[in-house]
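A short worksheet on the structure shown next.
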Amino acid sequence: QVQLVESGGGLVQAGGSLRLSCVSSGRIFSSYAMSWFRQAPGKEREFVAAISRIGGRTSYVDSVKGRFTISRDNAKNTVYLQMNSLKPEDTAVYFCAAGRRGEATMISSEYDYWGQGTQVTVSS
């Protein structure tokens, strides 16, 4: 069983930055693709970014390209989401997820384990 714990959320002004972290308890972290999704109030959960198990392939939703960067440190069982130039519309609960297939897919059903989420609030 894999447990995921997110941290790093908070309140930030528009234009600011945050770095989210997600630590996995699994011993085979490097075999999983990792991703970040987010859910704003009253909206469905949406894909944000993903990284393949080795880290050579990443994908992003168009709205965050050029502002967000996903990375991973397999030695620390941790995936990161560096968020720059934040906008009020980035406000949401951010979830990390792990997928056994190992591919950086945007499809939520391809991920097998989910964290509890961390709140990100961007004020205007």
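Numbering starts at 1 and runs along the sequence shown.
- One finds the CG atom of Leu18 at 4.5 Å from the CE atom of Met83 (value rounded to the nearest 0.5 Å).
- Using a 4.5 Å heavy-atom cutoff, the side chains of Tyr113 and Gln1 are in contact.
- Grouping the Ile, Leu, Val, Met, Phe, Trp and Tyr side chains by contacts below 4.5 angstrom, directly or via other members, places Ile28 with Ile51.
- Residues Ser108 and Trp114 meet the side-chain proximity criterion, which asks for heavy atoms closer than 4.5 Å.
- For the residue pair Ala104 and Ala33, the shortest heavy atom distance occurs at N-CB, 4.3 Å.
- In this structure, a donor-acceptor pair under 3.5 Å is present between the side chains of Arg38 and Tyr94.
- Residues meeting the side-chain hydrogen bond (donor to acceptor under 3.5 Å, both in side chains) test with Arg19, sequence neighbours left out: none.
- Contact annotation: the side chain of Phe47 never approaches that of Val64 to less than 4.5 Å [non-hydrogen atoms, C-beta and beyond].
- No side-chain heavy atom of Leu4 sits under 4.5 Å from any side-chain heavy atom of Phe95.
- Checked against side-chain contact (heavy atoms from CB on, under 4.5 Å), Gln119 has the following partners two or more places apart in sequence or in another chain: Thr91, Val93, Thr121.
- Counting heavy atoms from C-beta outward, Phe37 and Tyr111 have side chains that approach closer than 4.5 Å.
- Between the CG atom of Leu81 and the CZ atom of Arg72 there is a distance of 13.5 Å, given to the nearest 0.5 Å.
- The distance from atom CD1 of Ile70 to atom OG of Ser59, rounded to the nearest 0.5 Å, is 7.5 Å.
- Ion pairing between Asp90 and Lys87 fails under the 4.0 Å rule for side-chain N and carboxylate O.
- Closest approach of Tyr80 to Asp73, counting heavy atoms only: CE1-CB, 4.1 Å.
- Considering every non-hydrogen atom in both Val2 and Ser24, the closest pair reads CG1-OG, 3.5 Å.
- Atom OG of Ser31 and atom CG of Asn74 lie 9.0 Å apart (nearest 0.5 Å).
- Rounded to the nearest 0.5 Å, atoms NZ (Lys76) and OG (Ser21) are 9.5 Å apart.
- Remark: Cys22 SG to Glu6 CD distance equals 5.0 Å, nearest 0.5 Å.
- Between Tyr32 and Arg53 there is no side-chain heavy-atom pair separated by less than 4.5 Å.
- Residues Val48 and Tyr60 form no side-chain contact, since every pair of their non-hydrogen atoms from C-beta on lies 4.5 Å or further apart.
- Heavy-atom contacts from other residues, nucleotides or ligands closer than 6.0 Å to CD of Gln116 number 12 or fewer.
- Looking at Ser17 and Asn84, their side chains do bring a donor and an acceptor atom within 3.5 Å of each other.
- Heavy-atom neighbours of Arg45 CZ from other residues, nucleotides or ligands within 6.0 Å: above the threshold of 12.
- The environment of Gln3 atom CD is sparse: at most 12 non-hydrogen atoms of other residues, nucleotides or ligands sit within 6.0 angstrom.
- Val79 and Val23 fall into different hydrophobic clusters, where Ile, Leu, Val, Met, Phe, Trp and Tyr residues are linked whenever their side-chain heavy atoms come under 4.5 Å apart, directly or through other members.
- Between Leu20 and Val120, some side-chain heavy-atom pair lies under the 4.5 Å cut-off.
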